[in-house]
Each structure stands twice: as C-alpha cells, then as structure tokens.
Amino acid sequence: MIIPLAHVLVLAAAIFAMGLYCLVYWRTNLIMMLIGIEIMLNAAILAFVGGSAYWGAADGQVFALFIIAMTSAEVSLALALVVYLHRRKKTVDSNDFASLHE
Amino acid sequence: MLGDTVLFYVFGAIAVITSLLVVGQRSPIYSVLLLIGSFAALAGLYVLLDSPFAAVIQIIIYAGAIMVLFLFVIMMLDLGHPEKAIIPGSRDLATALFLGFVTLGAFLVLLVHQPPAAAPIPHLQIRNFAVVLFHRYGVAVEVVSMQLLFALVGALYLGRRK
C-alpha cells in the first residue's frame, strides 16, 4: 500500500463531517437527511477498505460488503416510510411529523 | 507508483468537492446526481486501496441500485416547488456546535496519533476475500440475507394501499 493510512482516515473523516453537516443542515427534509446518512456510511466504508489495505486482511472488505447490504435494506425501508408519510400529509418536512398523534 | 498517489488525491478531492456540493443544492435531484459522482470517485479510491471487489459493488449496488431508488422516489413524490424549500436557520445552534466540536476533536486525535507506515504487504486477492467471507463470516452472510428479506416484507407492508 503506497498511500499512508492517516491520509485515508483524514479523507474518510472529512467526508463523514460533510455527511453530518448535510444531515444537520437539511433536518427539515427527510430525503436530504437520508442522503446525508448515505454520505456518512460511505465514509465508514472508506475507512474499512483503507484498514483492509493497511493490515493486508480481507476482513475490512467483507465489512464493506456488509455495510452496503445493510444500507440497501435501510434505504428501501426508509424510502418506503417517506412514501407512506408523503401519502399521509403530502409533504416530506420532518417538522410536520413532530406530533405522535394526528 | 507515483501515478497511484496522484490519482488517490485527485479522486479524494473529487469525492470531497461533490459531497460538499450535495449540501448546497435546492433540489434533491441534483443532490442525488452529485452523490453518484461522489460514489464513483470513492470506487476509484477502493481500486487504489486493493479492493476491486468493493469498487465494483459500490458502482453496481450503490450508484446503480440505491441511488436509482432515491431518484425514483423523488420523481414519484410530488415535492412541489423545491426552490421554496425551507432552509432551517440557526435554531438548534447548540447541537450543531456540539457536533462540530466532536468532529473537530476526532480530526485532532487523528492528526496527533499518526499510525506507522505499513510494512510491504502482499496484495489481497479476490480469493482471500471469498475465503474470509464464506469461512469466517458465513453465518453473517445468512443473517444479511434474512435482513434483506425482512426489509422487503417491511417495504411491502409500508407501501400497501388500503
């Protein structure tokens, strides 16, 4: 591995921070919040793959695969929830769903 | 060797810039399209980090399937006028500052504790990956398949029309 692990980790941390920023900035829009979560999960995958290359063990790549499988399940469920909520109130603004009761 | 290092920083810069641009878009469609560019750059990084399988999975499943699902839902829902989207102000400033400080602290710890340079390690083959996946984590593969099935059932339940 030519690239130092620290550079990979700094890059992953920067991308994670941007995902967190997206999540906090767009906290009134459910779809943009999901996109922020996607960015953060990708930063985690990058850290796993970087560690896999650093230690020469394939475990990091296996966990990258598991994260992607988990993400596909999460996204399909979350988008089904978004469609359900949009069908109820015709909006994706998270503030409109603040109350537990109708 | 030098070309690989240059490519790493080029792909890293593309990933960071597109991720930053994702936040600034008013319409979620543009955000998703920029995110696909970010994922493509990350797939290039995985190739440079000896994980071609992760790169292919990233392109096929992440950019190909998950992002298309996002596009499908955004186009299916009538989101009205995206240019009138509510941009939240600085209400929850304390939370934002707290998260910012945590991120900054993580950066500082990372910069202080530099891991030592790696010893030359033989390149990982797809064969190693397959052996580790199905020998050591065979049960986890089954659990993931169950999880995907449950997600399918849950999505069908949520999406049904009364």
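As the structure is a computational prediction, the values presented were derived from the model and not from experiment. Residue numbering restarts at 1 for every chain, and letters A, B, ... go by the order of the sequence lines.
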Mind running side chain to side chain contact (heavy atoms under 4.5 Å, CB included) on Ile35(A) and Val23(B) for me, showing each step along the way? CA-CA 9 Å; Ile35(A) 288 174; Val23(B) 185; over 6 Å; no
Using heavy-atom distances under 4.5 Å, tell me whether [X] contacts chain A through its side chain, its backbone, both, or neither.
{"X": "Val143(B)", "result": "neither"}
{"X": "Ala140(B)", "result": "both"}
{"X": "Gln125(B)", "result": "neither"}
{"X": "Val16(B)", "result": "both"}
{"X": "Phe53(B)", "result": "side chain"}
{"X": "Ile61(B)", "result": "side chain"}
{"X": "Leu69(B)", "result": "both"}

Going from [atom1] on [X] to [atom2] on [Y], what distance comes out if it is rounded to the nearest 0.5 angstrom?
{"X": "Leu133(B)", "Y": "Phe63(A)", "atom1": "CG", "atom2": "CZ", "answer": "10.5 Å"}
{"X": "Leu41(A)", "Y": "Ile66(B)", "atom1": "CG", "atom2": "CD1", "answer": "9.0 Å"}
{"X": "Tyr84(A)", "Y": "Arg160(B)", "atom1": "OH", "atom2": "CZ", "answer": "7.0 Å"}
{"X": "Ile68(A)", "Y": "Ile57(B)", "atom1": "CD1", "atom2": "CD1", "answer": "6.5 Å"}
{"X": "Tyr46(B)", "Y": "Ser52(A)", "atom1": "OH", "atom2": "OG", "answer": "11.5 Å"}

Identify the two heavy atoms, one from [X] and one from [Y], that lie closest to each other, and give their separation to 0.1 Å.
{"X": "Ala58(A)", "Y": "Val132(B)", "answer": "CB-CG2, 4.0 Å"}
{"X": "Pro28(B)", "Y": "Ile31(A)", "answer": "CB-CG2, 4.3 Å"}
{"X": "Asp59(A)", "Y": "Tyr137(B)", "answer": "OD2-OH, 2.9 Å"}
{"X": "Tyr62(B)", "Y": "Thr71(A)", "answer": "OH-CG2, 3.1 Å"}
{"X": "Met32(A)", "Y": "Ser31(B)", "answer": "CE-OG, 3.3 Å"}
{"X": "Ala155(B)", "Y": "Ser76(A)", "answer": "CB-O, 4.2 Å"}

Does a side-chain heavy-atom distance below 4.5 Å link [X] with [Y]?
{"X": "Thr103(B)", "Y": "Tyr21(A)", "value": "no"}
{"X": "Leu77(A)", "Y": "Phe150(B)", "value": "no"}
{"X": "Ser38(B)", "Y": "Asn42(A)", "value": "no"}
{"X": "Val144(B)", "Y": "Met70(A)", "value": "no"}
{"X": "Leu45(B)", "Y": "Val8(A)", "value": "no"}
{"X": "Leu148(B)", "Y": "Ser72(A)", "value": "yes"}
{"X": "Val62(A)", "Y": "Phe134(B)", "value": "no"}

Could you look at [X] and say if it's the side chain, the backbone, both or neither that has a heavy atom under 4.5 Å from chain B?
{"X": "Leu81(A)", "value": "both"}
{"X": "Ala78(A)", "value": "neither"}
{"X": "Leu65(A)", "value": "side chain"}
{"X": "Glu38(A)", "value": "both"}
{"X": "Val83(A)", "value": "both"}
{"X": "Met18(A)", "value": "both"}

Asn128(B) and Gln61(A) side chains, donor-acceptor separation under 3.5 Å: no
In terms of hydrophobic clusters joined by side-chain contacts under 4.5 Å, are [X] and [Y] together?
{"X": "Leu34(B)", "Y": "Met75(B)", "value": "yes"}
{"X": "Ile59(B)", "Y": "Val47(B)", "value": "no"}
{"X": "Tyr157(B)", "Y": "Val73(B)", "value": "no"}
{"X": "Met76(B)", "Y": "Leu30(A)", "value": "yes"}
{"X": "Val141(B)", "Y": "Leu152(B)", "value": "no"}

Parallel, tilted or perpendicular for His7(A) and Tyr9(B), by the 30°/60° rule? tilted
What residue, out of Leu99(B), Val131(B), Leu156(B), has the most heavy-atom pairs lying under 4.5 Å from chain A?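 If we count pairs closer than 4.5 Å to chain A, Leu99(B) comes out on top.
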Option in Ala54(B), Ser51(B), Ala106(B), Gly159(B) with maximal non-hydrogen atom pairs under 4.5 Å from chain A: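 When all of Ala54(B), Ser51(B), Ala106(B), Gly159(B) are compared, Ser51(B) has the most.
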Is there a side chain to side chain contact (heavy atoms under 4.5 Å, CB included) between Phe72(B) and Leu79(A) once you walk through the steps? CA-CA 10 Å; Phe72(B) 179 74; Leu79(A) 286 177; over 6 Å; no
Identify which of Ala17(A), Ala73(A), Gly19(A) forms the greatest number of heavy-atom pairs closer than 4.5 Å to chain B.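 The candidate making the most pairs under 4.5 Å is Ala73(A).
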